[in-house]
Amino acid sequence: QREITCECERSNQPSLVQVLHLSNGSAINDKLAAKEGRVSELLARKLAPAELLTEAWMLAVSREPNERERREFTKLIETASPDERRQVIEDLFWSLLASREFLFQH
């Protein structure tokens with residue numbers, strides 16, 4: 001049932017349902033874990049942490065990571081075991097996609 005009659009009545013503010021879906025829903029996590037997804041592609045290219053971070057930030061928020069972001073995430077990537085590396089990269093993308101900066105731009 002359509003209860004809104006005018007486009008002007010729609011809110012561009014995120015709702016609680018949207019926030020919960022991003023935080024707890026499976027849609028983003030399933031896409032990040034997909035074998036034919038972007039994370040798999042980046043891991044297959046065996047990029048250095050700095051290159052991987054630049055790619056992730058450019059894809060998600062259209063800018064390069066700042067010095068603090070680069071330092072903190074480089075540390076996470078470099079200290080991850082080979083078995084944990086994919087999970088770290090998925091978490092990196094999840095954090096970008098759940099950020100206010102991403103939501104504001106997209």
Side-chain angles (χ1 to χ4, degrees):
Q1 205 174 38
R2 294 184 179 170
E3 296 177 1
I4 297 175
T5 59
C6 174
E7 188 73 27
C8 59
E9 294 178 25
R10 298 178 82 184
S11 172
N12 63 353
Q13 298 297 315
S15 70
L16 182 58
V17 173
Q18 290 170 316
V19 171
L20 289 172
H21 181 70
L22 280 173
S23 298
N24 303 323
S26 62
I28 290 177
N29 289 325
D30 289 349
K31 290 186 183 301
L32 293 173
K35 297 301 177 205
E36 63 281 343
R38 185 71 65 154
V39 172
S40 295
E41 175 193 321
L42 291 173
L43 288 171
R45 290 170 48 195
K46 299 184 189 306
L47 299 172
E51 295 172 304
L52 195 143
L53 293 174
T54 299
E55 285 271 338
W57 257 259
M58 292 301 288
L59 288 166
V61 292
S62 302
R63 68 169 176 86
E64 291 193 15
N66 64 37
E67 198 55 43
R68 180 175 167 261
E69 293 164 335
R70 191 177 296 280
R71 182 179 59 250
E72 295 296 323
F73 280 102
T74 297
K75 189 182 340 175
L76 286 172
I77 293 169
E78 289 177 344
T79 59
S81 71
D83 295 336
E84 297 173 323
R85 187 172 169 92
R86 181 181 183 94
Q87 188 62 50
V88 168
I89 304 306
E90 287 180 18
D91 289 348
L92 161 70
F93 271 95
W94 182 90
S95 68
L96 287 168
L97 297 174
S99 72
R100 284 181 172 221
E101 184 175 0
F102 178 83
L103 294 173
F104 178 74
Q105 292 186 21
H106 300 282

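Residues: numbered from 1 along the sequence shown.
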Check: For Arg70, does the CZ atom have more than 12 heavy-atom neighbours from other residues, nucleotides or ligands under 6.0 Å away?
Finding: yes
Check: Roughly how far, to the nearest 0.5 Å, is CD1 of Ile89 from CZ of Arg38?
Finding: 14.0 Å
Item checked: Euclidean distance, Thr79 OG1 relative to Arg85 CZ, rounded to 0.5 Å -> 10.5 Å
Note to self: With rounding to the nearest 0.5 angstrom, report the CG to CD distance, Leu76 to Gln87.
What the structure shows: 12.0 Å
Notebook entry, point to check: Can you name the closest pair of heavy atoms from Glu64 and Met58 and give their distance?
Noted result: N-SD, 3.7 Å
Item checked: Over all atoms of both residues, closest heavy-atom pair of Glu69 and Trp57 -> OE1-NE1, 3.3 Å
Notebook entry, point to check: How many angstroms lie between CD in Glu90 and CD1 in Ile28, if you round to the nearest 0.5 Å?
Noted result: 12.0 Å
Note to self: Minimum heavy-atom separation for Ala34 and Ser40, please, with both atom names.
What the structure shows: O-OG, 3.1 Å
Note to self: Testing the basics here: between Asn66 and Arg68, what is the closest heavy-atom pair and its distance to 0.1 Å?
What the structure shows: OD1-N, 3.1 Å
Next item on the list: Under the side chain to side chain contact (heavy atoms under 4.5 Å, CB included) rule, collect the residues that match up with Glu55, sequence neighbours excluded.
Entry: Leu42, Arg45, Leu47, Leu59
Item checked: Value rounded to 0.5 Å, distance of CG in Leu97 from CZ in Phe102 -> 5.0 Å
Next item on the list: Calculate, to the nearest 0.5 Å, the distance between atoms CG and CD1 belonging to Leu92 and Ile77 respectively.
Entry: 6.0 Å
